[in-house]
Amino acid sequence: MGDGINDVPALHAADVGISVDTAVDSAKETANLVLLEKSLKVLNKGIELGRSTFENTIKYIQITTGANFGNMFSMAGASLFMPFLPLLPKQILLINFLTDFPAIALSGDAVDSERLKKPRKWDIGYVRNSMIVFGLTSSVFDYMTFGVLLLGFRADEKLFQSSWFLLSIFTEIMVLLIMRTKRSFFKSRPAPLLLYSVMGVGLVSLAAAYLPVNKIFAIEPVPGPVLASLLGVLILYIITTELVKYAFYKRMGDRDGKK
């Protein structure tokens with residue numbers, strides 16, 4: 001640290017040189033950081049902000065890669081035995097559009113205090129393992145849904161697509177709440193914007209199925225018994241994902257992105 005001309009060599013040689021706003025120009029130009037407030041607490045705030053940003057970035061990558069891998073696996077498998085498309089292209093686009101809102105809100109999400117105590121580093125192995133484990137978990141429930149709709153309710157093309165449209169959105173927004181924290185998801189409070197966007201997307205997706213706008217996306221109202229069955233699958237998916245998450249982090253141990 002320094003603010004005078006005589007401090008310039010030390011600031012240049014340091015791993016991190018810190019100066020202040022009232023320092024001489026040469027000291028400010030040499031320093032890596034220039035404090036604009038008369039307090040070193042801003043350094044701590046900066047570290048916390050950096051770790052929060054990194055943590056939320058990892059959350060987004062982990063959730064997105066897992067969801068995309070699971071959807072790809074489910075769609076590819078379904079195309080081998082189904083006589084029609086599981087989802088129409090415009091329905092897939094609508095799902096992606098709606099679920100992007102809570103995904104964007106994830107950038108400003110609250111981070112659990114224990115995740116800020118130590119710095120983390122990029123670990124591609126951690127991301128890969130998470131993608132495979134949670135992607136395959138998602139696919140298992142996709143195929144379970146296929147069985148419920150095709151074997152249990154003898155669903156035709158429109159009913160199948162409408163049902164999986166709703167379940168796809170709700171599983172995506174729920175897994176976002178689950179995977180955003182290592183804790184049980186109900187023990188970690190998300191940022192208000194994230195929570196409101198999840199609730200809003202859930203309501204909009206239901207409205208898309210039951211209001212006249214549903215004709216634009218070839219969606220039809222889902223009957224009560226089918227909706228109740230989908231709710232059961234969703235609850236089972238939430239419980240299973242929580243258990244898988246616990247086992248995953250326990251197995252990963254120190255490889256959980258930490259230095």
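Using a 3.5 Å distance cut-off with no hydrogens or angles, the side chains of Lys41 and Asn44 do not pair a donor with an acceptor.
A distance-only check finds no donor-acceptor pair linking the side chain of Asn96 to the backbone of Leu93 [under 3.5 Å].
In this structure the side chain of Leu49 never reaches within 4.5 angstrom of the side chain of Lys45, judged on heavy atoms. In this structure, the side chains of Val175 and Tyr237 come closer than 4.5 Å at one or more pairs of heavy atoms. Residues Phe73 and Tyr143 have side chains in contact (heavy-atom distance under 4.5 Å, counting atoms from C-beta outward). Lys28 is listed as a side-chain neighbour of Asp21, based on a closest heavy-atom distance under 4.5 Å. At a threshold of 4.5 Å between non-hydrogen side-chain atoms, the residues Ser163 and Leu230 count as touching. Tyr60 is not listed as a side-chain neighbour of Ser107, based on a closest heavy-atom distance of 4.5 Å or more. No side-chain heavy atom of Phe160 sits under 4.5 Å from any side-chain heavy atom of Phe153. A heavy-atom distance below 4.5 Å is found between the side chains of Asp156 and Leu159.
Relative orientation of the Phe248 and Tyr126 rings is tilted, given thresholds of 30° and 60° on the angle between their planes.
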Derivation and outcome, ring pair (Phe, Tyr, Trp, His ring centres under 6.0 Å), residues Trp122 and Phe54: CA-CA 9 Å; Trp122 173 254; Phe54 186 84; 7.5 Å; no
Criterion side chain to side chain contact (heavy atoms under 4.5 Å, CB included) on Trp164 and Gln91, from CA distance to verdict: CA-CA 10 Å; Trp164 200 30; Gln91 294 168 344; over 6 Å; no
Side chain to side chain contact (heavy atoms under 4.5 Å, CB included) evaluation trace for Met174 with Thr241: CA-CA 10 Å; Met174 287 308 302; Thr241 305; over 6 Å; no
Side chain to side chain contact (heavy atoms under 4.5 Å, CB included) assessment of Met144 paired with Leu236: CA-CA 11 Å; Met144 182 186 297; Leu236 187 59; 4.1 Å; yes
Worked verdict on Thr171 versus Asp142 for side chain to side chain contact (heavy atoms under 4.5 Å, CB included): CA-CA 10 Å; Thr171 52; Asp142 285 337; 5.6 Å; no
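Here Asp112 pairs with Thr181, Ser188 under the side chain to side chain donor-acceptor pair (under 3.5 Å) rule; sequence neighbours left out.
If you chain together hydrophobic residues whose side chains sit under 4.5 Å apart, Val111 and Ile58 never meet in one group. In the hydrophobic cluster analysis, where Ile, Leu, Val, Met, Phe, Trp and Tyr join through side-chain heavy atoms closer than 4.5 angstrom, Tyr196 is grouped apart from Leu177. Linking ILVMFWY residues whenever their side-chain heavy atoms come closer than 4.5 Å, directly or via other members, places Val213 and Val204 in the same cluster. Both Phe97 and Ile173 are assigned to one and the same hydrophobic cluster, defined by single-linkage of ILVMFWY side chains at heavy-atom distances under 4.5 Å.
Taking a 6.0 Å sphere around OH of Tyr210, one finds it holds more than 12 heavy atoms contributed by other residues, nucleotides or ligands.
Atom CE in Met252 sits 6.0 Å away from atom CG in Asp123 (nearest 0.5 Å). Distance check: Leu35 CG to Met1 CE gives 6.0 Å after rounding to the nearest 0.5 Å. To the nearest 0.5 Å, the span separating CD on Glu114 from CG on Leu116 amounts to 8.5 Å.
Ion pair Arg115/Glu55 flagged as a salt bridge, since at least one NZ, NE, NH1 or NH2 atom sits closer than 4.0 Å to an Asp/Glu carboxylate oxygen. Checked for salt-bridge contact, Glu242 and Lys245 meet the test: a charged N lies under 4.0 Å from a carboxylate O.
Of all heavy-atom pairs spanning Ser197 and Ala105, the tightest one is OG-CB, 3.8 Å.
The only option from Ile238, Leu234, Val233 that meets the side-chain contact (heavy atoms from CB on, under 4.5 Å) definition with Phe170 turns out to be Leu234.
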